[in-house]
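If you're wondering where the values come from, they're calculated on a predicted model, not measured in any experiment. Just so we're on the same page: letters track the sequence lines, and every chain starts at 1.
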Protein chains: 2
Amino acid sequence: MARTTGSDGEKTEAAVREAAVSLIARLGYEAMSMRQLAAEVGVQAAALYRYFPTKEDLLFTLMREHMEGLLKAWDAARPASADPVIRLAAYVENHIAFHIERRHATHVSNMELRSLSHERLTQILKMRTAYEKELRTILRDGVEVGAFEVDDTGLTAMALIQMMTGVIVWFRPGERLSIAEVTASYLSMTMRLVGATISHGTARPSGRAGDAVAL
Amino acid sequence: MARTTGSDGEKTEAAVREAAVSLIARLGYEAMSMRQLAAEVGVQAAALYRYFPTKEDLLFTLMREHMEGLLKAWDAARPASADPVIRLAAYVENHIAFHIERRHATHVSNMELRSLSHERLTQILKMRTAYEKELRTILRDGVEVGAFEVDDTGLTAMALIQMMTGVIVWFRPGERLSIAEVTASYLSMTMRLVGATISHGTARPSGRAGDAVAL
DNA sequence: GAATTAATTGAACGTTCGTTTTATTAGTAC
DNA sequence: GTACTAATAAAACGAACGTTCAATTAATTC
């Protein structure tokens, strides 16, 4: 047999990407075989090589597009306001929403970096660093205008990102907490962590407002 | 050739464990071959099977001992005091110290869970859950006596653990920050995050004391 | 409807994998 | 120094891996 009825390159490629993200997230990149992936798509292993020249190319493509999506999402969500509190709130909300929505892809991008060639690893890390720099800038601006009280902006940015991204480890949609509840909690924790002074009603306006934060 | 001069089972086993932690942390469990591990130890692959019946047994042993070490470390560090602030501070300090000291082993225990059989995975997760429960208890007690202000103790515990464990991702000893500085920062962030009311001089006594925490 | 292109199969390639078996030597006990 | 045990080497096992190649069929073009 050869070409199958109804076969379509675009659809097959999309199916490969989707199955690959799911399989790599579940089994790990090294543990997933090309034959396994092909079986999931309903195709022979050789067919995969029409779309991705090597297994590593497939991984890299998934990661690059994930990171591009993250940067693009933040670009779209970035508020016009200069207020660091508003900007930080937008960053947190975007980060949580994006990562919950793409749990599997995030897992792949975070866990499989070591399977990339040096050059490609650098490329992915560059995007990641750019994304993290956005948060550091917000924190630094906040400290400058007295909206935040932070020891070390670099360390705090890393701590916040680890905390927020960690949501994909334990959160399961449809369980005890809704996405909105989780987001609200992380927002509140973030604002306390950076010692935010409430300036607008960005978070839940029910909180006690106006006072600064102690150690 | 066969037995080599100066060969000693205990020393070889210890060398295997050490090399395995380092190699798995760097390459990943699936990507590390038994031949590679044997070469690192300076031995033939077949010799490894004298100490660990299968590759997965080796992985499981490393993980189990890591988790046992973590639980034992917390048992030793657990303060006598009933004060939630003191207990939380001890938990954070122990967690950070333990994880920085055993970066590679933590990496293995966190990243390679999917390579365990169902039964063994359950066993490791049970230990992990027990450790996390300690933090939830501290938080719940703190909320009860009014020392902490927390939305959801379960969610907050997970967020804190993710934040703290994340230190191994970016922290490198001997760089900009010392372990003491990092620990102090994480302690301060933690206390703010849970809305702690300062009751004793547990953290750095330089902090402004006495006042509660806003959103 | 013939020619061309797109999509896929089936079989095979050489390599590497985890593991087992057997033989051989170093250390230890008496 | 002989008997026994501990520790390893060397070679081999079948299975699985990523990848390639030639053949074959479906869709498209003219």
Side-chain angles (χ1 to χ4, degrees), chain A residues 1-24 26-63 108 112 114-117 120, chain B residues 1-24 26-63 108 112 114-120:
Chain A
M1 252 167 284
R3 178 166 191 171
T4 55
T5 58
S7 63
D8 176 346
E10 274 191 45
K11 287 186 182 173
T12 303
E13 179 168 353
V16 170
R17 285 167 195 260
E18 201 175 328
V21 168
S22 156
L23 271 183
I24 296 176
R26 188 160 76 241
L27 312 172
Y29 169 77
E30 295 282 353
M32 178 201 73
S33 77
M34 295 299 269
R35 286 170 177 84
Q36 220 171 341
L37 173 57
E40 191 85 1
V41 178
V43 97
Q44 291 297 314
L48 301 175
Y49 289 83
R50 169 166 253 278
Y51 306 101
F52 302 96
T54 69
K55 192 185 180 189
E56 197 215 316
D57 276 289
L58 169 57
L59 176 64
F60 177 65
T61 300
L62 297 177
M63 286 187 169
V108 173
E112 308 295 349
R114 56 187 162 204
S115 296
L116 253 31
S117 71
R120 288 175 158 176
Chain B
M1 255 167 284
R3 180 168 190 174
T4 56
T5 58
S7 62
D8 175 347
E10 274 192 44
K11 286 187 182 174
T12 304
E13 179 168 352
V16 171
R17 285 166 196 262
E18 201 175 328
V21 167
S22 157
L23 271 182
I24 296 176
R26 188 161 76 241
L27 311 171
Y29 169 76
E30 295 283 353
M32 178 202 72
S33 76
M34 295 300 268
R35 285 171 178 84
Q36 219 171 343
L37 173 57
E40 191 84 2
V41 178
V43 97
Q44 290 297 315
L48 302 175
Y49 289 83
R50 171 170 251 288
Y51 307 100
F52 303 96
T54 69
K55 191 184 179 188
E56 197 215 316
D57 276 289
L58 169 58
L59 176 64
F60 177 65
T61 300
L62 297 178
M63 286 187 169
V108 173
E112 309 294 351
R114 57 187 160 204
S115 295
L116 253 31
S117 71
H118 179 73
E119 187 199 356
R120 289 175 157 176

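When the nucleotides dT8(D), dT9(C), dT19(C) are ranked by their closest atom to the side chain of Met34(B), dT19(C) comes out on top. Looking at the side chain of Arg50(B), the nearest of the listed nucleotides dA6(C), dA7(D), dT19(D) is dA7(D). Listed nucleotides dT8(D), dC17(D), dA6(C) differ in distance to Arg35(A); the shortest reach to its side chain belongs to dC17(D). Nearest nucleotide to the Ser33(B) side chain, out of dT8(C), dT19(C), dG18(C): dG18(C). Comparing atom distances between the Tyr49(B) side chain and each of dC21(D), dT20(C), dT19(D) picks out dT20(C) as nearest.
The side chain of Thr12(B) places an N or O atom within less than 4.0 Å of a non-bridging phosphate oxygen (OP1 or OP2) of dT8(D).
Rounding to whole angstrom units, CG of residue Leu37(A) and P of dT8(C) are separated by 13 Å. As rounded to whole Å, 12 Å separates atom C1' of dG18(C) from atom CG of Leu58(B). Taking atom CG of Leu48(A) as the reference point, atom C1' of dT19(D) lies 11 Å away to the nearest angstrom. Atom CE of Met32(A) and atom C1' of dG18(D) are 11 Å apart (whole Å). Atom CD1 of Ile24(A) is separated from atom C1' of dG18(D) by 14 Å (rounded to the nearest Å). Summarising the geometry, the separation between CD on Glu30(B) and C1' on dG18(C) is reported as 11 Å, rounded to the nearest angstrom. Between the CD atom of Glu13(B) and the P atom of dA6(D) there is a distance of 14 Å, given to the nearest Å. Rounded to whole Å, the distance from CD on Glu10(B) to C1' on dT8(D) is 17 Å.
Sequence order on DNA chain C of the closest nucleotides to Tyr29(B) and Ala45(A) puts Ala45(A) first from the 5' end. Nearer to the 5' terminus of DNA chain D, by closest-nucleotide assignment, is the contact made by Ala31(A) (compared with the other of Ala46(A) and Ala31(A)). When each of Gln44(B) and Thr54(A) is assigned the nucleotide of DNA chain D bearing its nearest heavy atom, the one mapping closer to the 5' terminus is Gln44(B).
Closest heavy-atom contact between Leu48(A) and Val43(A): CD2-CG1, 4.3 Å. Of all the heavy atoms in Lys55(A) and Tyr29(A), the pair that sits closest is NZ-O, 2.9 Å. Nearest heavy atoms, Ser115(B) versus Glu30(B): OG-OE2, 3.6 Å. Scanning all heavy atoms of the two residues, the minimum distance from Ala20(B) to Leu58(B) falls at CB-CD2, 4.0 Å. The shortest heavy-atom contact between Val108(B) and Met63(B) is O-CE, 3.3 Å. For the residue pair Met32(B) and Ile24(B), the shortest heavy atom distance occurs at SD-CG1, 3.8 Å.
Across all strands shown, Tyr51(A) has heavy atoms under 4.0 Å from sugar-phosphate atoms exclusively, and none from any base.
A 4.5 Å side-chain heavy-atom check between Thr54(B) and Met34(B) finds every atom pair outside the cut-off.
Taking a pair as Watson-Crick or G-U with both hydrogen-bonding distances under 3.5 Å, the stems of three or more pairs touching DNA chain C are C:1-30 with D:1-30.
A distance-only check finds a donor-acceptor pair linking the side chain of Glu56(A) to the backbone of Ser117(A) [under 3.5 Å].
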